[in-house]
Protein chains: 2
Amino acid sequence: MVRPAVPSPIVSPRTPVIAGGGGALFAGCPELIGTPSTYGREEEIFGEGEEAESVYRVVQGAVRTHKVLSDGRRQITGFHLPGDLFGLEQGETHRHSAEALSGTRVLIFKRRQIERIATHRAEVACQLWSLATRSLRHAQDHMLLLGRRSALERVAAFLLDVDLRLGGTGTFDVPMTRRDIADYLGLTIETVSRTISQLEGEGALLRTGGRQVSLRRSRMHRLVED
Amino acid sequence: MVRPAVPSPIVSPRTPVIAGGGGALFAGCPELIGTPSTYGREEEIFGEGEEAESVYRVVQGAVRTHKVLSDGRRQITGFHLPGDLFGLEQGETHRHSAEALSGTRVLIFKRRQIERIATHRAEVACQLWSLATRSLRHAQDHMLLLGRRSALERVAAFLLDVDLRLGGTGTFDVPMTRRDIADYLGLTIETVSRTISQLEGEGALLRTGGRQVSLRRSRMHRLVED
DNA sequence: CGACACCTTGAAATATCTCAAGGAGCGTGG
DNA sequence: CCACGCTCCTTGAGATATTTCAAGGTGTCG
């Protein structure tokens, strides 16, 4: 089992078993072909409580999944970038809502079909297990972040993780708004904004126009207890 | 898929597919027989990073699993009560540490053996998927709690959940220390203590000696936004 | 009975939030 | 092409929930 050399995979991990992604959900499962679809910025892909008919893989763009309380407080449980799977449920209904952050292309797979195949092909069922396990690991790392890390550590860890998932060059456009970041990190938008300013003030990053940032990764890493 | 009528399953859910638990890990899998073992109060069952050879089911007592940062901050990711499974990993190593809260009896299963069976029996692999999914659901609910709920809501939700898992009578002994509760809820022990006092002051519960509490469940429920 | 771990409570410190205002970027329509 | 109206982001000042530090209380077990 390969594990990336990251302190904590803050954003949901890549789908594991797929090779390139020629439309099939799993390697060795060519009968599972996804249907392409696109969603606009802020468009809902599915809502919490809806019947979970489909599973999605991001091809291009970005997606967030979240839960809300009745008074509107929101917790984003994951951001999904190209290659990532989301929306896979075992029960009848989705446990989250999902929306596109920007114009997003996805492949849609039928859950019934996947489950039917998993029922009689053990290696496919194992891949489902694998998928759930990866999400679980992310969720557990995120619990530690939400329960025990300071705002500075949360933001630093978040930016490092996004960088990594976007290629690890250290310079990238943050694909989500401050509100989304805040709702992912359990903070307010003002705190996120101030914390990024603070990181810049300490020379841990540069804001280079728009949403682009350039990380001094060694300094950022020093801020994230491990 | 049955979903209990709880706002949020705060403690890790029961193992799903097992029937009574005559020593077998899964229904329909009598060749997986667990070896009984016991652990004393605060005794470590496994540590984070250790090789994950075994899977455990609680028979009696209670277990916590947690992660720690290098400076000692700790996040408990779950409490495991009789019937619950813990320690199941997919990779080579444990992602958590686990300790017994009190004298605890468990059944130990060999991971290799389980995986070997899962490799060629799809329904067993599906049960592994099911297990991971349940843990995932708990983790995601807990993220919402850690990221977006107040101390009062956290403690109230926690007590309601423990009550439910301990039989739902409304009166029970809290099986964990304030420190454990705090590290589970992302709070300090003082805040947990004060919050319980506050709940008592508001008539939402009674402390009836030792660690026993008696919940006014309707009032408690009103405190937990859903 | 004493020691010890655990729990409770108070007072002060502080991290984060809330409320408020202004600035930057961007698409649209005149 | 500019101005308007948005939405998003930043920053400040004050409010507040929670933490920190400190002390004492309670229960349990040898």
Sequence neighbours excluded, which residues qualify as side chain to side chain contact (heavy atoms under 4.5 Å, CB included) partners of [X]?
X	answer
A/E53	A/E51, A/K110
A/T93	A/R95
B/S37	B/Y39, B/V106, B/I108

Euclidean distance, atom [atom1] of residue [X] to atom [atom2] of [N] [Å, nearest integer]:
X	N	atom1	atom2	value
B/L145	D/dT18	CG	P	12 Å
B/E42	D/dC29	CD	P	14 Å
A/D183	D/dC9	CG	P	12 Å
B/I189	D/dA23	CD1	C1'	13 Å
A/M176	D/dC8	CE	P	15 Å
B/R207	D/dG25	CZ	P	16 Å
A/D173	D/dC9	CG	P	12 Å

Inset, instruction - Sequence neighbours left out, what passes salt bridge (charged side-chain N to carboxylate O under 4.0 Å, His left out) with B/E48? Give chain and number order. - result: B/K67

Legend entry - Residues that B/R194 engages under salt bridge (charged side-chain N to carboxylate O under 4.0 Å, His left out), provided they are two or more places apart: none

Legend entry - A/E190 side chain, from C-beta outward: closest of D/dC9, D/dT11, D/dT19: D/dT11

Legend entry - B/S150 side chain, from C-beta outward: closest of D/dT10, D/dC9, D/dT18: D/dT18

Distance-only criterion, 3.5 Å: show the donor-acceptor pairs between side-chain atoms of residues 185-192 of chain A and protein atoms not counting sequence neighbours.
residue : atom : partner : partner atom : Å
A/T188  : OG1  : A/T191  : N            : 3.3
A/T188  : OG1  : A/T191  : OG1          : 3.0

Legend entry - Earlier contact from the 5' end, DNA chain C, for B/R178 and A/L187: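 On the 5' side of the pair lies B/R178.
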
Legend entry - Partner set under ring-ring contact (aromatic ring centres under 6.0 Å, His included) for B/F46, not counting sequence neighbours: B/Y56, B/H94

Inset, instruction - Evaluate the criterion side chain to side chain donor-acceptor pair (under 3.5 Å) for residue pair A/Q90 and B/S130; output intermediate values, then yes/no. - result: CA-CA 7 Å; A/Q90 201 171 45; B/S130 187; 3.3 Å; yes

Inset, instruction - Please confirm whether the backbone N or O of B/R73 pairs with a side-chain atom of B/D71, one donor and one acceptor, at under 3.5 Å? - result: yes

Legend entry - Donor-acceptor pair, side chain of B/T195 and main chain of B/L152, under 3.5 angstrom: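 Not confirmed, B/T195 side chain does not pair with B/L152 backbone.
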
Inset, instruction - May I ask you to say whether A/R137 pairs ionically with A/D141, meaning some side-chain N is under 4.0 Å from a carboxylate O? - result: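 No, A/R137 and A/D141 are not salt-bridged.
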
Legend entry - Salt bridge flag under 4.0 Å for residues A/R148 and A/E225: no

For residues 197-208 of chain A, which side-chain N or O atoms pair as donor and acceptor with protein atoms under 3.5 Å away, sequence neighbours left out?
residue : atom : partner : partner atom : Å
A/S197  : OG   : A/S193  : O            : 3.1
A/S197  : OG   : A/R207  : NH2          : 3.1
A/Q198  : NE2  : A/E202  : OE2          : 3.2
A/E200  : OE1  : A/R207  : NE           : 2.9
A/E200  : OE1  : A/R207  : NH2          : 2.8
A/E200  : OE2  : A/R207  : N            : 2.9
A/T208  : OG1  : A/Q212  : NE2          : 2.9

Considering only nitrogen or oxygen atoms on both sides, find all protein atoms under 3.5 Å from nucleotides 26-28 of chain D and state each distance.
none

Inset, instruction - Find the runs of at least 3 consecutive base pairs, i with j, i+1 with j-1 and so on, that include DNA chain D, using Watson-Crick or G-U wobble geometry with both distances under 3.5 Å. - result: C:1-30 with D:1-30

Inset, instruction - Check every strand shown and say whether A/T177 touches a base, only sugar-phosphate, or nothing at a heavy-atom separation below 4.0 Å. - result: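 Contact class for A/T177: sugar-phosphate only.
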
Legend entry - Minimum-distance pair of heavy atoms, taken over all atoms of A/F86 and A/A98: CE1-CB, 4.0 Å

Could I get a table of every N or O pair under 3.5 Å where one atom is in the protein and the other is in nucleotides 13-15 of chain D?
residue : atom : partner : partner atom : Å
D/dA13  : N6   : A/R194  : NH2          : 3.4

Inset, instruction - Report yes if a side-chain nitrogen or oxygen of B/T188 is closer than 4.0 Å to either non-bridging phosphate oxygen (OP1 or OP2) of D/dT18; otherwise report no. - result: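 B/T188 to D/dT18 OP1/OP2: no side-chain N or O under 4.0 Å.
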
Inset, instruction - Extract, from 5' to 3' on DNA chain C, the first and final nucleotides lying under 4.0 angstrom from some heavy atom of chain B. - result: C/dC6 to C/dA11

Inset, instruction - Report the residue (A/R148 or A/S197) whose heavy-atom-nearest nucleotide on DNA chain D is the more 5′ of the two. - result: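 Checking each residue's closest nucleotide, the 5'-ward one belongs to A/S197.
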
